[in-house]
Amino acid sequence: MARRAAPAAMPLPADVRWMNAVAAVLLTAVALAAGVGVVAWMARQPMWTLRGITLVGDVAHQNAVTVRALVVPHLRGTFLTLDLAAARERFEALPWVREAVVERQFPNRLRVTLREHEALAWWGEPGAGQLVSVRGEVFEADPDDPAAEQWSTLDGPSAEAETVVAMYRRLQPLVARLGRDIERLTLTERGAWQLRLDGGAPIELGRGEADAVERLQRFVTTQTALRARYGARDIVSADLRYPNGYALQLRGVTTEPVPARPKGPAPAATPSPNPPSR
């Protein structure tokens with residue numbers, strides 16, 4: 001006897017299928033919301049409250065008092081909810097700090113790795129609270145190094161700080177050959193370089209980095225001949241912007257150097273009556 005075929009399943013009406021789909025979506029949303037709520041509730045529990053901060057790296061200018069005063073009051077959230085990017089910005093706002101890396105340290109601490117600026121000189125005015133680093137970055141800080149009183153001062157447009165630092169490094173060995181130090185190096189808004197030796201003697205170097213270095217090099221090579229002629233006198237001022245010479249004032253002597261000879265160091269050529277433009 002043949003077996004009767006099972007009746008085919010009747011498809012659900014479209015409105016019923018739509019209602020089932022909506023119900024499934026709603027149930028999923030409720031489950032997700034419940035899960036998020038549980039997670040949020042757990043994240044706010046006292047066990048996740050931040051208990052401490054570990055500072056590592058360059059911390060020579062940092063201390064617990066500074067961190068508590070300038071960073072901790074601005075940290076929002078718990079170990080789980082803290083915005084690490086915002087925390088990093090707060091640490092990088094500390095004096096001397098160039099870069100900070102903030103990491104969670106289970107279960108309730110932060111580990112912060114700091115990299116500090118390495119100060120090279122004052123920027124703008126000595127003692128005004130702005131320094132420039134060896135990388136040419138201007139930052140605000142009050143140095144606690146006793147040698148800071150003898151630091152040079154660099155100045156110029158902030159965007160050109162790296163250029164000023166590079167120029168300082170090029171000029172420093174030349175000034176050392178004079179037995180002097182650089183008290184101040186300035187790049188003016190018009191692109192001219194001005195140098196002041198320790199003791200206050202100003203030297204006008206003119207425009208152009210390479211040209212300014214060459215002018216100072218020429219000036220330095222003539223000093224032996226000048227000292228042989230006038231003795232070891234202090235430099236009062238010098239203007240090196242003339243195309244073939246310079247104007248020089250020595251302590252107790254005012255002179256215009258004579259033309260340089262083709263071979264061997266000698267005083268540079270007598271400048272023209274009209275001073276060069278700045």
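Environment of CD in Gln150: crowded, with over 12 heavy atoms of neighbouring residues, nucleotides or ligands closer than 6.0 Å. Around the CD atom of Glu103, the shell of radius 6.0 Å holds more than 12 heavy atoms that belong to other residues, nucleotides or ligands. The number of heavy atoms from other shown groups lying within 6.0 Å of CZ (Arg111) does not exceed 12.
For Arg184 (side chain) and Gly124 (main-chain N/O), a donor-acceptor pair under 3.5 Å exists by modelled atom type. Using modelled atom types, one side-chain atom of Arg233 and one backbone atom of Arg251 make a donor-acceptor pair closer than 3.5 Å. Under a 3.5 Å cut-off, the side chain of Glu92 and the backbone N or O of Ala100 do form a donor-acceptor pair. Without hydrogens or angle criteria, Gln172 side chain to Asp181 main chain gives no donor-acceptor distance under 3.5 Å. At least one donor-acceptor pair under 3.5 Å links the side chain of Arg104 to the backbone N or O of Leu82.
Side chains of Leu195 and Leu185 form a contact here, defined as non-hydrogen atoms less than 4.5 Å apart. Between Trp96 and Leu114 the shortest side-chain heavy-atom distance does not fall below 4.5 Å. Under the 4.5 Å side-chain criterion, counting only non-hydrogen atoms from C-beta, Thr78 is in contact with Thr81. For the pair Leu75 and Ile53, the minimum side-chain heavy-atom distance is below 4.5 Å. Looking at Val134 and Val165, their side chains never come closer than 4.5 Å, going by heavy atoms from C-beta outward. With a 4.5 Å cut-off on side-chain heavy atoms, Val102 and Glu89 do not count as touching. Inter-residue side-chain proximity for Val164 and Val132 is flagged as unmet; no heavy-atom pair is nearer than 4.5 Å. Between Gln223 and Phe219 the shortest side-chain heavy-atom distance falls below 4.5 Å.
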* **Stepwise side chain to side chain contact (heavy atoms under 4.5 Å, CB included) test for Leu226 and Leu248** => CA-CA 10 Å; Leu226 285 175; Leu248 173 67; 3.5 Å; yes
* **Verdict with reasoning, Glu209 to Trp193, per side chain to side chain contact (heavy atoms under 4.5 Å, CB included)** => CA-CA 8 Å; Glu209 296 172 47; Trp193 294 96; 3.9 Å; yes
* To do: Take Arg177 and Gln217, measure what side chain to side chain contact (heavy atoms under 4.5 Å, CB included) needs, and give me the verdict at the end.
  => CA-CA 10 Å; Arg177 289 172 57 184; Gln217 174 75 49; 3.2 Å; yes
* Give the C-alpha distance, both sets of side-chain angles, the deciding distance and a yes or no for side chain to side chain contact (heavy atoms under 4.5 Å, CB included) between Arg76 and Asp83. => CA-CA 7 Å; Arg76 298 289 183 267; Asp83 185 339; over 6 Å; no
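With respect to Leu205, the side chain to side chain contact (heavy atoms under 4.5 Å, CB included) criterion is satisfied by exactly one of Asp211, Leu216, Asp239, Val213: Leu216. A side chain to side chain contact (heavy atoms under 4.5 Å, CB included) with Ile182 is found for exactly one of Val175, Leu197, Asp198, Ile203, namely Val175.
Tyr230 and Val236 fall into different hydrophobic clusters, defined by Ile, Leu, Val, Met, Phe, Trp and Tyr side-chain heavy atoms under 4.5 Å apart, directly or through other members. Linking Ile, Leu, Val, Met, Phe, Trp and Tyr whenever their side-chain heavy atoms come within less than 4.5 Å puts Tyr168 and Val220 in one cluster. Both Leu240 and Ile235 belong to a single network of hydrophobic side chains, linked directly or stepwise wherever heavy atoms of I, L, V, M, F, W or Y lie under 4.5 Å apart. Using a 4.5 Å cut-off between side-chain heavy atoms of Ile, Leu, Val, Met, Phe, Trp and Tyr, with links allowed through other members, Phe79 and Leu84 fall into the same hydrophobic cluster. Criterion: ILVMFWY side-chain heavy atoms under 4.5 Å apart, direct or through other members. Under it, Phe106 and Val112 are part of a common hydrophobic cluster.
Distance check: Trp122 CH2 to Glu149 CD gives 8.5 Å after rounding to the nearest 0.5 Å. Between the CG atom of Leu50 and the CD atom of Gln105 there is a distance of 11.5 Å, given to the nearest 0.5 Å. Note: Arg227 CZ to Leu250 CG = 9.5 Å, rounded to the nearest 0.5 Å. Atom OG1 of Thr188 sits about 10.0 Å away from atom CG of Asp155, to the nearest 0.5 Å. With values rounded to the nearest 0.5 angstrom, Leu120 atom CG is found 10.0 Å from Leu131 atom CG.
In this structure, Phe139 and His117 have parallel ring planes: the angle between them is below the 30° cut-off, well short of the 60° mark.
With sequence neighbours excluded, the residues that form a salt bridge (Lys or Arg N to Asp or Glu O under 4.0 Å) with Arg115 are Glu99. The salt bridge (Lys or Arg N to Asp or Glu O under 4.0 Å) check on Glu160 picks up nothing, with sequence neighbours excluded. Considering only residues two or more places apart in sequence or on other chains, Glu118 meets the salt bridge (Lys or Arg N to Asp or Glu O under 4.0 Å) condition with none of them.
Here the shortest heavy-atom pairing between Ser152 and Ala121 reads O-CB, 3.2 Å. Heavy-atom minimum distance, Arg109 versus Thr54: NH2-OG1, 3.1 Å. Considering all non-hydrogen atoms of both residues, Leu55 and Val59 come closest at CB-CG1, 4.0 Å.
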